[in-house]
Amino acid sequence: MLDPKLLRDNSDKIRKMLEARAVEFPLDQLIKADEERRDLIIRTDEIRKKRNEIALEIARKKKGNVDVAKLIEQMQSASDDLRKLEETQVKTEDSYTKLSLSLPNLIHESVPIGRGDNANKEIKKWGKPPIFNFKIRDHIDLTQGLDLVDLERAAKVAGARFYYLKNMLVKLNQSLIQYALDFLSDKNYTLVQTPYLINRRSMEGAIIAEDFEDVIYKVEGEDLYLIGTSEHAVASMHSNEIIDGKNLPLRYAGVSPCFRKEAGAHGRDQKGIFRVHQFDKVEQFVFSRPEESWNEHERLLSIVEEFYQKIELPYRIMLLSSGDLGKVSAKTYDLDAWMAGQNSYREIVSCSNCLDFQARRLKIRFRERTDEQTQYLHTLNSTLVATTRTMVAIMENFQTKDGHIAVPKVLQKYIGASTI
RNA sequence: GCGGGGGUCGCCUAGCCUGGUAGGGCGUGGGAUUGCUAAUCCCAUGUCCGUAAGGACCCGUGGGUUCGAAUCCCACUCCCCGCGCCA
């Protein structure tokens, strides 16, 4: 949600954003709804004022035992007027809220303008893709050879894009989680394991309406949705709160499984565990002062880089273009890890600054002193590790000639082995 | 799941029975006073509309009754206590 003042004073800025994102949006309709809404507030306020005055008068006269029948009549007619006006007000307010909740976030000036991922900008590269002197396997071959994944039975039991992890891959998965939690814990993050199901209000605070359709699973008959990432549950954790400024920034390490419908992804990455409906993730989430959020954004990225350097995965950092940017994000870096089996860099991390977009929806504010005006804070999120994709990268890059997998050094003490 | 108690403006609390402008304390900021500190007193301290003056709203949420609801009625929700069930 954007500051409604922008609709009035600077709608061009919003228009430019919509154009850059190539998003169709009935902005004029929203501006009109906002105007109507404010007009109705003024009109209903006037009637309420009158009603309050009469009510006061009645109370006073009653004390003096004066007849108030006439005043009560006036009150009745004012209440009737109000009821009628309120009906239209509810409708206007509804359409305003609905529209304003589906308006995407502003875009930071450093974001390249363009459609799709062609316009994404490479910021840097780290590490060198490994060179193999044998015919390499992709992660699907590797997991089959070592009995690490059972896709057929998962398809039978749950459907496509599900998987059973088996044997050492179960341990690798746990090791990545454990290492990631230790890593962030050392950086004084607050560890938080979130609810995996959250209600609609909370979900709406973290994502934009259309994502409900494409990514979010709903529990039938309940006001509950499976989180697509712990970001959704951590963001809403402080909803409707006023945070004491001296506690900022709040840095959380969220850990949870992630559930995604992958509705628009038919045919893409159909095999293996690269694109699946369920995976585990350790996520960084920061509540920050507005003036510090861009520094926090860079900080998140540098922590991510440190992590993948320690795991020794070659990667590149991409700055997403306006067309590729998520609707709630003002600026996003992706970290694409080298995947030897696919001979390309693939996305494993997404690091975003959402400014006050989520905070407005969730009413998360802060202030330094209790006599001060409250302010919306900024929220940022970044993957630290999404286990399935990182495991794909590890398996493909660390494979050995005999079809086994070397374990990155930092993970060895967690998994208790040097090869799989 | 059953029974009982509760949710009040950042925090704590009064008001609810008996409907008529939500009061007090703490914290925080400003001011006054005082060698300094402390103490004391005064003012401010939620949201929305409005350039402002001002006004409206706010007592867990949503309905209802009423001229008028924090207050009465109904439903829901969360917390606490007891019972039941349970990994």
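Side chains are part of it too, since the values below use all heavy atoms of this structure and drop only hydrogens, waters and symmetry mates. Order of the sequence lines fixes the chain letters, A, B, ..., with proteins taken first and strands second; residue numbering starts at 1 for each chain.
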Under a 3.5 Å cut-off on both pairing distances, which runs of 3 or more consecutive Watson-Crick or G-U pairs involve RNA chain B?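 RNA chain B stems, ordered by first number: B:1-7 with B:77-83, B:10-13 with B:23-26, B:27-32 with B:40-45, B:46-49 with B:54-57, B:60-64 with B:72-76.
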For RNA chain B, determine which residues of residues 44-51 of chain A have any heavy atom closer than 4.0 angstrom to one of its atoms, and list them numerically.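 Residues of residues 44-51 of chain A that come under 4.0 Å of RNA chain B are, in numerical order, A/Asp45, A/Arg48, A/Lys49.
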Taking side-chain contact (heavy atoms from CB on, under 4.5 Å) as the test, write out the residues that go with [X], two or more places apart.
X	result
A/Thr88	A/Leu40, A/Leu85
A/Ile72	A/Ile58, A/Val68, A/Gln76
A/Asp138	A/Ile140, A/Asp141, A/Glu396

With sequence neighbours excluded, give me every side chain to side chain donor-acceptor pair (under 3.5 Å) pair touching residues 218-235 of chain A.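 Passing the test, one end in residues 218-235 of chain A: A/Arg200-A/Tyr225, A/Thr229-A/Lys281, A/Glu231-A/Gln358, A/Glu231-A/Asn381.
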List for me each residue that meets ring-ring contact (aromatic ring centres under 6.0 Å, His included) alongside [X], sequence neighbours excluded, and say none if there are none.
X	answer
A/Tyr315	A/Trp126
A/His297	A/Trp294, A/Tyr333
A/Trp338	A/Tyr345
A/Phe307	A/Tyr179, A/Phe183

Using the 3.5 Å cut-off, write out each protein N or O paired with an N or O of nucleotides 7-16 of chain B and the distance between them.
residue : atom : partner  : partner atom : Å
B/G10   : O4'  : A/Arg367 : NH2          : 3.3

Restricting to side chain to side chain donor-acceptor pair (under 3.5 Å), what partner residues turn up for A/Arg201, sequence neighbours left out?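 Side chain to side chain donor-acceptor pair (under 3.5 Å) list for A/Arg201, sorted by chain: empty.
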